[in-house]
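A short write-up of the structure that comes next.
Protein chains get the first letters and strands the later ones, always in sequence-line order, with residue 1 at the start of each. The model shown is predicted, which means the values in this text are computed figures rather than measured ones.
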Protein chains: 2
Amino acid sequence: MTKQDRGKVLKNAARKAMEAALRDAGLRFTAPRAALLDVLAAADDHPDAGELHQRVRALSPSVSLSTVYRCLTALEAQGLVQRLTFDGAPARFETTDAPHHDHIIDVDTGDVIEFRSDKIEKLQAMIVEELGYELVHHRLELYCRKRSGA
Amino acid sequence: MTKQDRGKVLKNAARKAMEAALRDAGLRFTAPRAALLDVLAAADDHPDAGELHQRVRALSPSVSLSTVYRCLTALEAQGLVQRLTFDGAPARFETTDAPHHDHIIDVDTGDVIEFRSDKIEKLQAMIVEELGYELVHHRLELYCRKRSGA
DNA sequence: CTTCATGCAAATACTTTGCAATCTT
DNA sequence: AAGATTGCAAAGTATTTGCATGAAG
């Protein structure tokens, strides 16, 4: 299932759950937020705030960039959205509907590939535990180039 | 050997190597660059540009912040300095005299601990190779909190 | 002396914020 | 009606850049 497919399922099924999550937090389900959730759910790439703003405007032309930023912050606080900051570039965003994963970034094209390694996850936990810490969250980004002989 | 000790050795021994590295690249060994290299070599923490600027000023009061930024960029291009961008905070810098390592960030204090896991390094290489990529560089950051029972 | 580097100030890029008007509930 | 949310414009950070002066090779 691609992320787009997940997005469609999400629009039908989990969309109400998101609405509920907002309501439970005392937040309102407004047109800008609905549009942003739709856009995020449909996004197969990892758009930044400006890109999201443009896509939201296609659905709801009056939404401002500040509102996109504010909504993203609110959605992040609710755990519905994750903020990714690759190598000093503008922040990119993804929904948290998919299970945890890390990112491979193609340094030539900017493409982002999601992956997951349970072995690495376990090693990380072991490393910090030995030092008396507990893991709050982590970032693993692999900046890559297509192999010439591949 | 702490990073400070490494720094002292570096000032005496490898400092000339750095000077040579700059000269070989057609770059000049100026007072601001000398001061910045001294400050970086002595730094045990991972300072950002503003902090570096203040420390450089203690040695060379007229150096401007733009020069610090420009020097850092130049030193980075020569591979003498590495830029770290943690979680959307201002970039931090470290010399490349120490072997490769990743970072643990204490989310409460901001402290940074260096660590290295050969197992994780190898797993990373395997993952990208299976996808037809070669690893250019990577970032692994473990955001942690001291264990209460530790 | 030729060219690169610097300081200053202005510009840029991304993101946040104050405030009055406007929607949700 | 009460309070959260929005749009707009302005402010805030972090970083880069144009340009004339100054220093390094």
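Comparing B:A31 and A:V63 along DNA chain D, the residue whose closest nucleotide (by nearest heavy atom) sits nearer the 5' end is A:V63. Nearest-nucleotide positions on DNA chain C place B:R33 closer to the 5' end than the other of B:R33 and A:R23. For the pair B:G26 and B:V68, both in contact range of DNA chain C, the more 5′-proximal nearest nucleotide belongs to B:G26.
Relative to the axis of its first five pairs, the axis of the last five pairs of the helix from C:dC1-D:dG25 to C:dT25-D:dA1 sits at 40°, rounded to 10 degrees.
At distances below 3.5 Å, at least one donor-acceptor pair connects side-chain atoms of A:T73 with backbone N or O atoms of A:Y69. The backbone N or O of B:P99 sits less than 3.5 Å from a side-chain atom of B:H101, completing a donor-acceptor pair.
Residue B:T67 has a polar side-chain atom (N or O) positioned under 4.0 Å from OP1 or OP2 of C:dG7.
Salt bridge annotation for A:D87-B:R139: present, with a cationic side-chain nitrogen under 4.0 angstrom from a carboxylate oxygen. A salt bridge links B:E76 with B:R83: the closest approach of a Lys/Arg side-chain nitrogen to an acidic carboxylate oxygen falls below 4.0 angstrom. Between B:D48 and B:R92 no salt bridge is recorded (no basic side-chain N to carboxylate O distance below 4.0 Å). Ion pairing of B:R55 with B:D45 is present here, as a side-chain N (NZ or NE/NH1/NH2) and a carboxylate O approach within less than 4.0 Å.
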Reading nucleotides 13-20 of chain C 5' to 3', which nucleotides get B (base under 4.0 Å from a protein heavy atom), which S (sugar-phosphate only), which -? -SBBBB--
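The heavy-atom pair separating A:R33 from A:R28 by the smallest distance is NH1-O, 3.0 Å. Here the closest non-hydrogen pair linking B:L135 and A:C144 is CD1-SG, 3.7 Å.
For B:S62, counting side-chain heavy atoms from C-beta on, the closest listed nucleotide (C:dG7, C:dT6, C:dC4) is C:dG7.
Separating the OG1 atom in A:T67 from the CG atom in A:L36 is a distance of 10.0 Å, to the nearest 0.5 Å.
Atom CG in B:L72 sits roughly 15 Å away from atom C1' in C:dA5 (whole-Å rounding).
By the 30° and 60° cut-offs, the orientation of the rings of A:H103 relative to A:H46 is perpendicular. Using a 30° and 60° split on the angle between ring planes, B:H137 and A:Y143 fall in the parallel class, below 30°.
Nucleotides of DNA chain D lying under 4.0 Å from heavy atoms of chain A occupy a range whose first and last members, 5' to 3', are D:dG3 to D:dA9.
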